[in-house]
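First comes the structure, then the notes that go with it.
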Amino acid sequence: MAGVLEVRRRALDEAMRARHAWPEDAPWVRDAFDALPRHTFAPDRLWDWNETAYVPVDRTADPDRWAELVYAGPDDAAVTEITDGIPSSSLSAPAVVATMLDSLDVEPGHRVLELGTGTGWNAALLAHRVGGSGRVTGVEAAAGLADAADGRLRRSGVRVDVSVGDGNLGRPETAPYDRVIATYAVDHVPWAWIEQTVPGGDLVFPLGRMGHFAVTVADDHRSARGWMHGLAQFMHARGTPAPAATVRSWTQVRAGRAPDDKRAVHRDITPLHTDPNLLWALRMALPDVLYTTDTDDDGVNAWIHDGTSSWAVVTTEPDGGARTEQGGPLRLLDALETAWDAWIAHGQVSRWDHGITIGRDEQYVWEGDPDTGRRFHLPTSA
């Protein structure tokens, strides 16, 4: 088993190197990965998707497949827990972990709050960077996961203060912190995170289905602002309903119903399949809508739904034209085209040119410029 794991570790390291996924300005990340192997923080049972459902893979029963899931690839998370048929905890994808640690800009001696400790691996990597003991505080909502993470950390010789609690409340008992990082998605940034971070301190967190942001707390401690740093999507906080569009499939939403609307589509839909900047813009404008695409001999086809009752399908035909069928109370393709046109009208802003401003009473993502750019306001409460 040890030999198989070492081979897979080396293969992942090489895949990360080939992808330029190791942060050049944070070489400590690669060193920490090497010092604290990913598999030592993986539980003995993982979960594998078999195209129908998640099935258990036990280390003792199928060690090769277990090792393959742990070290699948730079972009592959290892699912460590299933709740009601969907993932509720995981070892995050290695490339995402590396990117977020780089974004956090953590230095030796910093005090760090890590929210959503899960297996404990991310907290261990942070502790490896800051040095000493007790400088990393982890918060995990599930008592069983917290206990297991604490055990793995101790066996690895890493000192992290792991507590059970609501990550959205932070951990005021040991505040303030120089850095705060969340490993679960929020739709609204809890103000407690800002309050518990020192002025000039940094926070990194995933926002909804959009990606992760890195922000710096203002010197007057009344706001925080920063930029989008990555597109990876994370699970929401435990106990928070997952976005409907990510739980139900297009087929389930349509449920065999006949379309209410049919029409031609007077645009090339290829960018829905090829342009990540457009996909980001649509995700910003329509956060509750999910769209998937695929290609056939005629071109790109798209399936759109809101997870509840509205759906649309766009089919490219042999003559190069496209048609849509839509159903439910909302005309989702109409909404998508409106958002698409707005993005074009505002200069087709790149996904990397978006940032976020966080205030106690107002939060919004902006395009290009924090003061003059188009704004997308977030919910008013967590």
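Values below: every heavy atom of this structure, side chains too, minus hydrogens, waters and symmetry copies. On a predicted model such as this, the values are computed, not experimentally measured, just so you know.
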Requested in this report: Of all the heavy-atom pairs spanning Glu337 and Val265, show the shortest one and how long it is.
Outcome: OE2-CG1, 3.9 Å
**Report entry** Heavy-atom neighbours of Arg154 CZ exceed 12 at 6.0 Å
**Finding:** no
Query - Lys/Arg N to Asp/Glu carboxylate O, Arg135 vs Asp161, below 4.0 Å - result: no
Query raised in the report: When you check the side-chain N and O atoms of Asp202 and Thr216, is any donor under 3.5 Å from an acceptor?
Result: yes
**Report entry** Donor-acceptor under 3.5 Å (His377 side chain, Val365 main chain)
**Finding:** no
**Report entry** Over 12 foreign heavy atoms within 6.0 Å of CG, Asp84
**Finding:** no
Requested in this report: May I ask you to decide if Arg111's main-chain N or O and Asp178's side chain share a donor-acceptor pair within less than 3.5 Å?
Outcome: yes
Query - Trp311 side chain to Thr251 backbone, donor-acceptor under 3.5 Å - result: no
Query - Contact summary for Pro43 and Thr80, nearest pair of heavy atoms - result: CD-CG2, 3.6 Å
Report task. Determine the minimum heavy-atom distance between Ala78 and Val70, stating which atoms define it. Result -> CB-CA, 4.4 Å
Query raised in the report: Is the closest side-chain donor-acceptor distance between Gln326 and Asp334 under 3.5 Å?
Result: yes
Report summary line: Rounding to 0.5 Å, atoms CZ (Phe41) and CG (Leu125) come to a distance of 7.5 Å
Query raised in the report: So which heavy atom on Ala67 is nearest to which on Arg8, and how close?
Result: O-CD, 3.5 Å
**Report entry** Lys/Arg-Asp/Glu bridge criterion (N-O < 4.0 Å) met for Glu14, Arg10
**Finding:** no
Report task. Locate the shortest heavy-atom distance separating Leu336 from Leu282; write the atom from each residue and the value. Result -> O-CD2, 3.7 Å
Report task. Give a yes or no on whether Arg159 atom CZ has more than 12 heavy-atom contacts from other residues, nucleotides or ligands under 6.0 Å away. Result -> no
Query raised in the report: Are the side chain of Ser156 and the backbone N or O of Val158 linked by a donor-acceptor pair below 3.5 Å?
Result: no
Query - Axial cation check for Trp340 ring with Arg267, 6.0 Å and 45° limits - result: yes
Query raised in the report: Within a radius of less than 6.0 Å around CZ of Arg222, do more than 12 heavy atoms belonging to other residues, nucleotides or ligands occur?
Result: no
Query raised in the report: Looking only at atom types and distance, does a side-chain atom of Glu140 sit under 3.5 Å from a main-chain N or O of Gly118, one as donor and one as acceptor?
Result: yes
Query raised in the report: More than 12 non-hydrogen atoms from neighbouring residues, nucleotides or ligands closer than 6.0 Å to CD on Glu24, yes or no?
Result: no
Query raised in the report: Under 3.5 Å, is there a donor-acceptor pair between the Thr60 and Asp58 side chains?
Result: no
**Report entry** Side-chain heavy-atom pair Ile358, Arg225 within 4.5 angstrom cut-off
**Finding:** no
**Report entry** Side-chain donor or acceptor of Asp260 paired with backbone N/O of Gly328 under 3.5 Å
**Finding:** yes
Query - Salt-bridge contact Glu107-Arg129 (side-chain N to carboxylate O under 4.0 Å) - result: yes
Query raised in the report: Should the ring pair His229 and His212 be called parallel, tilted or perpendicular, given that the plane angle runs from 0 to 90° and is split at 30 and 60?
Result: tilted
Requested in this report: Before accepting this row, confirm whether a basic side-chain N of the pair Arg30/Asp34 lies closer than 4.0 Å to the acidic partner's carboxylate O.
Outcome: no
Query raised in the report: Do Trp280 and His354 have their ring centres less than 6.0 Å from each other?
Result: yes
Query raised in the report: What about the rings of Trp121 and Phe33, do their centers lie closer together than 6.0 Å?
Result: yes
Query - Exercise: identify the closest heavy-atom pair between Leu278 and Pro271 - result: CD2-CB, 3.7 Å
Query raised in the report: Are the aromatic ring centres of Trp366 and Phe376 under 6.0 angstrom apart?
Result: no
Query raised in the report: Do Tyr177 side-chain atoms and Arg171 backbone N/O form a donor-acceptor pair below 3.5 Å?
Result: yes
Query raised in the report: Among side-chain atoms of His346 and Glu367, is any donor-acceptor pair under 3.5 angstrom?
Result: no
